[in-house]
Asks: 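Below you'll find the structure I mean.
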Amino acid sequence: MLRFLRNRLNNNLDRGDLKMKVSQLLLPTLREAPAEAEIISHQLLLRAGFIRKSAAGVYTLLPLGLKVIKKIEAIVREEMNREGAQEIIMPIIQPSELWQESGRWNVYGPELFRLEDRHGRVFCLGPTHEEIITDLIRNEVQSYRQLPLLLYQIQNKYRDERRPRFGLIRGREFIMKDLYSFDRDEAGLEVSYQKMFNAYRRIFERCGLYFRPVEADSGAIGGSDTHEFMVLAETGEALLVFCSQNDCGYAANVERAASPVKKRVDFEEPGLLEEVATPGKRTVEEVTLFLNVEPQKLIKTLLYETEAGYVAALVRGDRIINQVKLQKALGVLRCDLADAEVVERLSGARVGFAGPVGLKDLRLVADLEVMEMANAVSGANKDDAHFINVNPGRDFNPDQVADLRQVQAGDPCPICGSDLEEARGIEVGQVFKLGYKYSKALGANYLDEKGASIPICMGSYGIGVTRTMAASVEQNHDQNGIIWPVSIAPYQALVVPINTREDEQFILAEKVYELLLNAGVEAVLDDRQERAGVKFKDADLIGYPLRLIIGKQAVESSNIEVFQRKNGQTITVPLEQIVSFVKDYCRQI
RNA sequence: CGGGAUGUGGCGCAGCUUGGCUAGCGCGCUUGCCUUGGGCGCAAGAGGCCGGGGGUUCAAAUCCCUCCAUCCCGACCA
């Protein structure tokens, strides 16, 4: 009896949650995309009625948008729990004191939303939760017996982006899953890291995404090893390189990718350092054309402003400097190109004529490749003049030599030496080995078997949930709209009565709809008094994986047309088999 | 934060250069008729502080100043 009641209750609950007719859904589709939407995922999510903008980088999730988010969250939860992680929820509002303690209050900069309560106490809206969780752990974990520990939450995050853009891809408020691992030592961290790495693979696979993990830079969060999970897409903000040799497997964010230097092969006799007039020739292109030399013969000199003073950085003329590498090499937090006025004061010449020879009062850092150059051209630190036959070591000596240049397609792979290829990616997840940065700063220690107090070894692991939804659209769409993978589709199937005035069609449609609901399929019935064309257009736009069409044919023959959004094909399924067909379809994908 | 652009019914736009009728068009919305397998047709409607404030002028969507918002490019970031 009890079981019977419980079953009934469950059925009712399920039905209540699932049952929905399009006429009652808040599903405002648009024929035209709002002008502000630039990229396809933003346009389609707006047009299909999944999201609406509230402010720059801040969005409301409408019913269907929320359904997708919940699907993604459910997959994330399953895979986190499978690895033994425990879910918690931490506050969005965080006291500034903790951030002072970790040292990030001043480091994080204007990106941190800061606010004050009525008593003048200062808080921030959490962009990430290392401080809060480390504070929790230092209070609650004392013994090695309590480790390892994996804790996560799915929570709103806040970052006051300089430039929110691309809709959900770069918002100021977004949903993120963040997990933190706590281990006794690096060996334990390695295990946790691998667990998460594998879980992330499964999550993005289950979300139907084409992605790649790549080596990455650790940025402001700090730490050593880190990988980013990149959904490959033309509109991705990140530039990646990967090895063209399939079995090599090297892949990295260009911010991180190391660039091995090809040693100089042909030795050149050093010529005489000489100043030549280059009136008005400021850019690499102008100078090379004027002097009739190749760009790789030029030494490009860029002046940067850092919190530790001004720096001159040198790279070859045909190279791009990688600011992340530069920042790391210099060990500074801030690193911006100096403005024209500063350049003039420091180099004694207008912008475009700075060079390493005779540059004073500046820290000089050269790219590895620059040191291999011979008889190069550089600015003379004098208006309208360049030096020729500049030779590193003879004419100037940098204070530091480091890998500064940004890797490009065609460069050799640092592992196997094959050519590197470029691609763009949307970062949907990142795994970090934090090490002891936060546990030491905040004093999160445990006692080992011998009673020694040892800092906890930490890792942190993020997934941008809202971003994952957008990335999926970016990857799964056609001219007509979104093509959701079944695993994260807002509904699995749409039932469309073609002519709602034909009672028989409508009754059959309702019957099919009920059959699906009873079988646990997430279905929706388009009961609107609209022409078939309108319903089809909306259905394509919204991206339901399956569309069951109930028209004349269905009524007469009890055969139902099933349109598959993914491949655009329609097949006919007898009414008796329709439920099992839909269930099988949803399972197999 | 620097550079550029744009703000006119829910969405997409015109009008602004050269100030002047009642501010237009397409889509959407409401009502009626009609139609019903890919955004159907006809008719009648509703809906605007022309981003805000200030100025110039007899008169401002239109010219000037200022603020705000939004988008793009750059610099930064998960």
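Numbers restart at 1 for each chain; the letters A, B, ... are given by sequence-line order, proteins then strands. Remember, predicted model here, so these are calculated numbers, not experimental data.
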Asks: Aromatic rings A:Y200 and A:F204: how do their planes relate, parallel, tilted or perpendicular, breaks at 30° and 60°?
Replies: perpendicular

Asks: My understanding is that a pair needs two contacts under 3.5 Å, Watson-Crick or G-U wobble. By that rule, which nucleotide pairs with B:rC63?
Replies: B:rG55

Asks: Could you check how far CD of A:E305 sits from C1' of B:rC1, rounded to whole Å?
Replies: 13 Å

Asks: Collect all protein-nucleotide pairs involving nucleotides 24-26 of chain B in which both atoms are nitrogen or oxygen and the distance is under 3.5 Å.
Replies:
unit_1: B:rG26; atom_1: N2; unit_2: A:E32; atom_2: OE1; d: 3.1

Asks: Salt bridge check: are A:E73 and A:K177 linked by an N-O gap of less than 4.0 Å?
Replies: no

Asks: Counting only Watson-Crick or G-U wobble pairs whose two distances fall under 3.5 Å, which nucleotide matches B:rC50?
Replies: none

Asks: Hunt down the Watson-Crick or G-U wobble partner of B:rC71, both distances under 3.5 Å, from any strand shown, or write none.
Replies: B:rG4

Asks: Answer yes or no: does a side-chain N or O of A:R31 lie under 4.0 Å from OP1 or OP2 of B:rG28?
Replies: yes

Asks: Go through it in stages, so that I can follow the logic: the residues are A:F197 and A:F229, the test is ring pair (Phe, Tyr, Trp, His ring centres under 6.0 Å), and I'd like the CA-CA distance, side-chain angles, deciding distance and then a yes or no.
Replies: CA-CA 9 Å; A:F197 196 98; A:F229 285 76; 5.1 Å; yes

Asks: Under the salt bridge (charged side-chain N to carboxylate O under 4.0 Å, His left out) test against A:R170, which residue among A:E427, A:E111, A:E161 passes?
Replies: A:E161

Asks: Answer yes or no: does a side-chain N or O of A:R531 lie under 4.0 Å from OP1 or OP2 of B:rG37?
Replies: no

Asks: From CD of A:E237 over to C1' of B:rC76, roughly how many Å is that when rounded to an integer?
Replies: 11 Å

Asks: Contacts to RNA chain B from residues 39-53 of chain A, heavy-atom cutoff under 4.0 Å, which residues?
Replies: A:R47, A:K53

Asks: Between A:Y180 (side chain) and A:H129 (backbone), is there a donor-acceptor pair under 3.5 Å?
Replies: yes

